[in-house]
Amino acid sequence: MEINLTINGDRRQIECSPHETLRQILRREGFFSVRFGAETGETGADAILLDGRLVSSEIMLAVQADGHAIETVEGLAPGRGLHPIQEAFVTVGAIQSGYSTPAMVLAAKALLDDNPDPTEAEVRDALTGILDRETGYLRPVEAILRAAAVLRGENVDPIESALVRPLTDVDGTADFGAAGPPLDLPLAALRVVPSPEVPETQVVGKPEVKVDALRLVKGNPAFVDDVEMRGMLYAKMLWSPHAHARIMRIDDSKARRLPGVRAVLHHENVARVRFASGGQSYPNPLPYDQVSFDNKVRHVGDRVAVVAADTLEIAAAAVRLIEVEYEVLAAVFDENEAMSDGAPVIHDEPDMEGAYDAARNIVHHIEADVGDVEAGFAEADHVFEQTLRVHQVQQVPIEPHIAIAWLDSDERLVVRTSTQVPFHVRRMLAPLLGLPVRQIRIIKPRIGGGFGVKQEMLIEDIVGHLALVTGRPVRLELTRHEEFVSSRTRHPQTITMKTGVNDDGKLVAQLMRTVGNTGPYGTHGLTVQMVSGLRGLSSYNCPNKRFDCDVVYTNIPVPGAYRGYGAPQALFALEAHLDDVAAALGMDVLEFKRMNWTKVGDPLDMAAELGEGAAEMKLIPVVASCGMEECVAQGQRAIGWHRRIDPDWRQPADRPHIRRGIGFAMCMHGSAISGLDMGGASIKINDDGSFNLLFGATDLGTGADTVLAQIAAEVLGTPVEDIVVYAADTDMTPFDVGAYASSTTYVSGMAVKKAAEEVRRQIAERAALLLDVSTPGDISLRDRQALAPDGRSVSLAEVALHSLHQDQQHQIMATASYVAPESPPPYAAQFAEIEVDIDTGQVTVVSLVMAVDCGVPINPLTSAGQVEGGMIQALGYGHCEEMVYDKAGRMVNARLGPYKIYRSDEVPHIEAYLVQTMEKSGPFGAKAIAEIPKDGVAPAIRNAIANATGARINNIPFTPERVWAALQSTR
Amino acid sequence: MQAVVGYHRPESLEEALSLLNRVSPRSVVLAGGTSLNAAELPEPVEMIDLQAIGLDGIRTDGMVVEIGAMVRLFELTAHQAVPELVRLLARREAPSTFRNAATIGGTIGTGDPDSELLAGCLVYEGQVTVARAGGVVENVALAGLLNDRSKLEGSIITALRIDADGIGAAERTGRTPSDSSIVAAIGRQAPTGGIRLALTGMASTPILVEPAEVAALNPPGDFRGSSEYRLHLARTLTRRVIQQLGG
């Protein structure tokens, strides 16, 4: 049928079918800013204005919109330039991945057109239709309030760090509790606690605007799906309805006969090549327990077959015509049951190898020791033990997995994919597709969130197979339902903590026994659990430590990498356990933990046992920078820690069914994997003195491209706008392991710094020639100039033109790579204030404060965003997110809503403090920040509940009925 | 949504009813679409879009508020004639995007057991005007309609009428402040005396219930709340609502 839509003022007559959504039509008309998030519309990435109101275009038929007016962000500021709302989003640091930014901008426009002076609550209400997994909503709300002010003609302040006076003395100690009332700063203040050891810099350490902000805020084509390819086919998967079954027969004949179907693939026509899908360095850890299409299925949602067809509708219809006969097998979902006698064997295939004991479903067994824990327990004054369980949650990136594969004109395979690991994907695809690496190119454009779920070769082999078989471009995008059950999740674990401690509070022995549930495929099973051991036993000094771990196969949807990577699990257990130990000893928990936590000079003994790279060397790293004391001092002041001992505060007289509490958790993480993670960077100069910066590092919206550009700009004496970044293209950029292990700033940043230093040297040589200076080492770079000691200067443009065109012609350029010999830990103090309704069990989180020592934040705006968004994502882990299954292993809540993630109008008060320390091994003093915000929220809330009610709960999430049941048993 | 094989936008109620009551092809009423377009439809259907029929508008005579079936939830949140509690519940019913599209008629037709808005309409004596083929128009109590959806077959909801007066109160428990409630108790101090009480999360639809009968309910449970817990919540939240209303 034909419909009439006025889009951004332009009347169009459009052909469409009744079933097509408005989003599909808008994208077909070229409006790529309108994006897919969920087939049921909750994410709002698809939101547009219909007659001036924000609606989801995903759950509106195009025909419903016939005769109406539609606005998308493309209409806001056509051509170059930005609307004031867009300007505000850019300036305030409200854009991370940018996937949903167009929708937020439209929400702002609709609100401000109607109400030029909204309250914060009204702004948050307008944003309720847009789910954000990245920012915690703080800076988007701030952006809209700022835009409102600008549109009213008011002045607004530039964005600057708000320097907060340190609370530690010269000797590095602080008196917790003596600092007075919380600071009165604006909600979106950029709180930086400076260290005097950190030198002055021009660009590093400044809240620079993101280098990709423009394309994101304007909704310009940027993401995988924002391309049109002639003749592109659409792939649709057939997934297993059973948790465990053999495929006895597949009949694809009816599917093949459907007009428009171009390929149907499954185990009968795809080579059986074993691999492990986790995106990791060569060689991937064993076992290689997956194949592209198997003759067995091992979880509900496991791969069975795929169809490529001319349209998505035809592909879906063809999938329904594939007949499969299964022999259903018994399934097991619990990690402890899976190891017991009689449990079904999940990997019983004859070519299975590399598992520790496949017959008992044990993939890996890990042991690591320092000293002698049994002797430690024997000598300790007290021994405490408890068992905790952490559950399964999903990363929920707003952009699901999507990949498009095609053969280029040289008939090399190109895959444009939403991935965190382009180089690993290329290497891993080669044997699966029977192509050499040189015949494969992986391109990573902008990504709408990853959080580890995209640290995987997840669907690229499927589109690769299909592109090779059909000779046409092939696109596969997971639906939101499929993203839940057929991608990756966090590893659930059962954790037993046992601690030996003396009367004075000194730790004598620590044992952590973990059973990790890795679902039916090993992917990251070994390394996540190793990190659990590392993080669970590194925060505190203790002469005797032991980690004992089994990683177990079950039939749940597959756990993989998820931000934090074993640390959130371990630190939940550790920080809850030690809170209980402190209480049992009658000690103040801050003092107890301070007495034992690692400080500058302390050894990281577990790193020598469990660190992935350095383990062979058995070198024991030592803490070189640690701001933990300052972090706790700032955090406890900000949260009002002293209130927790006041019984009148805990039990407010005017609300008899409410109890209040404050909890604390200490966090520690790593900065990349020493001896393993490598990144490379290339820089070349252009005629105007600008530079192209090329690296393999993989910005998923975190701002990595910007941080690396700042590092280069600092060395080269230019503003960031003179650095043109291109990244994560395996043909064009140097290698990088990719975005994981919090490695980009610390490792890739150092590669960029070294490359820039070599370029600087070459510039200085040419400048010395031009300025007739005998020692090029005396030339310095500043403000786009190369300066001689006597003040004479020549511009970088002149240096470039001279060297490219005029004399002794030479392309000033350099490449460098870096692998770190150490992994200096960032530290953080996480505080939570909560309220519990003791009659219903409902927990309301009132405030979250995290003070983080990430060394020197290269960009405090993006760093703060990592903390704010990370805390809200971590809040979901502890508070309300869970994957729920029926007895047959089918997820019952694979939809946003039943699977609850926080939205804009319900987030607690959040505050991030960036506590500077000078980490000399990092570029300009930097350590990592990406994952540590995930580590402390769940235990801090757990400990707050204990403070409020006395109930010490050993499993998450803290949903109302669970808390209510715990309160019942405490009474 | 591949199942949508046809679309109509009738301009009169008669035309809509006539399309809806065709023996074939199977047709369904399309209001805002926030539920229908998110659903997996088992067989091919044609959509009968009601947006051009004129079922808009909120009118009051001071005693009763009449709300056209196609009134969007966002309009309910702002209209002064609508009782304050119902305005609040309309805002909480859905996020901004859905509120701007979803209709009161569609909300009634969907009958979500967790709908606090429907519970609010129940305690404000909701009456639904239902139009059937052949010019038949019926007023049905909202409670009866929610309990027996077969009354809607071949019919179109045209309006909802609720009382304009009486103080309301709501108590709810959910995983987070804006989560769909596990159980909510919605109450109203009826001007004639006594308390009207409705509960969500206790049956397949929101239900009117006498406070004294709450303890005897036997709700189905799910992962957010077992039967035992839901009953506990119902009793606790009912007590609080009654207390709020001064009972």
Side-chain angles (χ1 to χ4, degrees), chain A residues 1 17-21 39-42 44 46-47 50 53-56 58-61 63-64 66-67 103 107 110 125-131 312-313 316-317 657 837 839-845 879-880 882 884 892-893 895 897-898 900 902-906 957 959-961 964-965, chain B residues 1-9 30 32-41 44-47 49 51-52 72 74 77 91-92 94-102 114 171-180 182-183 221-226 228-230 232-233 235-237 239-240:
Chain A
M1 28 193 316
S17 301
H19 69 264
E20 291 186 291
T21 66
E39 54 275 18
T40 44
E42 294 93 350
D46 49 75
L50 184 84
R53 291 194 205 289
L54 191 76
V55 296
S56 159
E58 187 69 47
I59 48 167
M60 180 169 290
L61 302 176
V63 287
Q64 281 177 274
D66 185 14
D125 184 70
L127 289 177
T128 52
I130 302 167
L131 292 175
L312 204 51
E313 287 75 37
H657 57 273
D837 181 325
D839 290 333
T840 66
Q842 179 171 305
V843 173
T844 304
V845 180
H879 192 212
C880 58
E882 55 180 321
V884 182
V892 304
N893 65 333
R895 177 176 167 166
K900 172 66 192 168
Y902 263 78
R903 74 181 205 195
S904 58
D905 64 343
E906 59 184 347
T959 49
E961 184 167 1
W964 177 73
Chain B
M1 247 169 315
Q2 280 137 230
V4 179
V5 296
Y7 172 85
H8 305 273
R9 195 186 293 184
L30 175 62
T34 55
S35 282
L36 195 55
N37 293 334
E40 284 284 332
L41 300 174
V45 290
E46 294 200 349
M47 296 285 195
D49 188 335
Q51 65 175 276
R72 314 278 165 169
F74 80 86
T77 66
R91 193 181 70 70
R92 239 177 18 205
S96 56
T97 43
F98 284 40
R99 247 182 274 147
N100 287 335
D114 297 331
E171 290 283 337
R172 58 191 305 281
T173 296
R175 292 169 293 184
T176 67
S178 298
D179 192 15
S180 217
I182 301 168
V183 170
D222 72 357
F223 74 94
R224 290 187 308 140
S226 66
E228 181 206 358
Y229 178 66
R230 284 173 186 271
H232 166 73
L233 285 184
R235 298 173 69 174
T236 305
L237 300 176
R239 212 166 34 238
R240 290 183 186 175

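Chain naming here is simple, since letters A, B, ... match the order of the sequence lines and numbering starts at 1 in each. What's counted below: heavy atoms across the whole structure, side chains too, no hydrogens, waters or symmetry copies. Everything quoted here is computed from the prediction, not taken from an experiment.
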Chain A contacts, top residue of B/Leu233, B/Val183, B/Asp179 (heavy-atom pairs, under 4.5 Å)
B/Asp179
With chain B as the partner, which of A/Thr840, A/Leu127, A/Thr40 has the greatest number of non-hydrogen pairs under 4.5 Å?
A/Thr840
So which of A/Ala103, A/Pro898, A/Ala965, A/Gly897 has the largest heavy-atom pair count under 4.5 angstrom toward chain B?
A/Pro898
Taking the side chain as everything from C-beta on, heavy atoms only, tell me whether B/Arg224 gets closer than 4.5 Å to B/Asp114.
yes
The criterion is side chain to side chain contact (heavy atoms under 4.5 Å, CB included); which residues satisfy it with A/Val892, sequence neighbours excluded?
A/Val884, A/Asp886, B/Phe223
Determine whether the side chains of A/Gln64 and B/Asn37 contain a donor N or O and an acceptor N or O closer than 3.5 Å.
yes
Pairs of heavy atoms under 4.5 Å with chain B: top-ranked of A/Val845, A/Asp837, A/Val843:
A/Asp837
Proximal component of B/Thr236, with respect to chain A [non-hydrogen, under 4.5 Å]:
side chain
Report the distance from atom CD of A/Gln842 to atom OG1 of A/Thr959, rounding to the nearest 0.5 Å.
11.0 Å
Side-chain donor-acceptor pair present, A/Glu58, A/Thr21, cut-off under 3.5 Å:
no
Contacting region of B/Asp49 [heavy-atom separation from chain A under 4.5 Å]:
side chain
Validation row: A/Met1, A/Ser17 side chains within 4.5 angstrom (heavy atoms)
no
Engaged part of B/Arg235 at the chain A interface, taking heavy atoms whose separation is under 4.5 Å
neither
Tell me, out of A/Leu50, A/Ile130, A/Asp66, who's got the most heavy-atom pairs with chain B below 4.5 Å.
A/Asp66
Would A/Tyr902 and A/Cys880 satisfy side chain to side chain contact (heavy atoms under 4.5 Å, CB included), going step by step from the backbone distance to the final call?
CA-CA 8 Å; A/Tyr902 263 78; A/Cys880 58; 3.7 Å; yes
Tell me, for A/Ala126 versus chain B, whether the close heavy atoms (under 4.5 Å) come from the side chain, the backbone, both or neither.
backbone
At a 4.5 Å cut-off on heavy atoms, which part of B/Arg230 comes close to chain A: side chain, backbone, both, or neither?
neither
Should A/His657 and B/Arg240 be marked as a side chain to side chain contact (heavy atoms under 4.5 Å, CB included) after you check the CA-CA gap, both sets of side-chain angles, and the distance that decides it?
CA-CA 11 Å; A/His657 57 273; B/Arg240 290 183 186 175; 3.4 Å; yes
If you count heavy-atom pairs under 4.5 Å between each of B/Glu46, B/Gln51, B/Glu228, B/Arg72 and chain A, which one has the most?
B/Gln51
Using a cut-off of under 4.5 Å on heavy-atom pairs, state which of A/Thr844, A/Asp839, A/Asn893, A/Leu54 scores highest against chain B.
A/Leu54
A/Asp905: side-chain hydrogen bond (donor to acceptor under 3.5 Å, both in side chains) partners, not counting sequence neighbours:
A/Arg903, B/Ser178
Is it the side chain or the backbone of B/Ser35 that comes within 4.5 Å of chain A heavy atoms, both, or neither?
neither
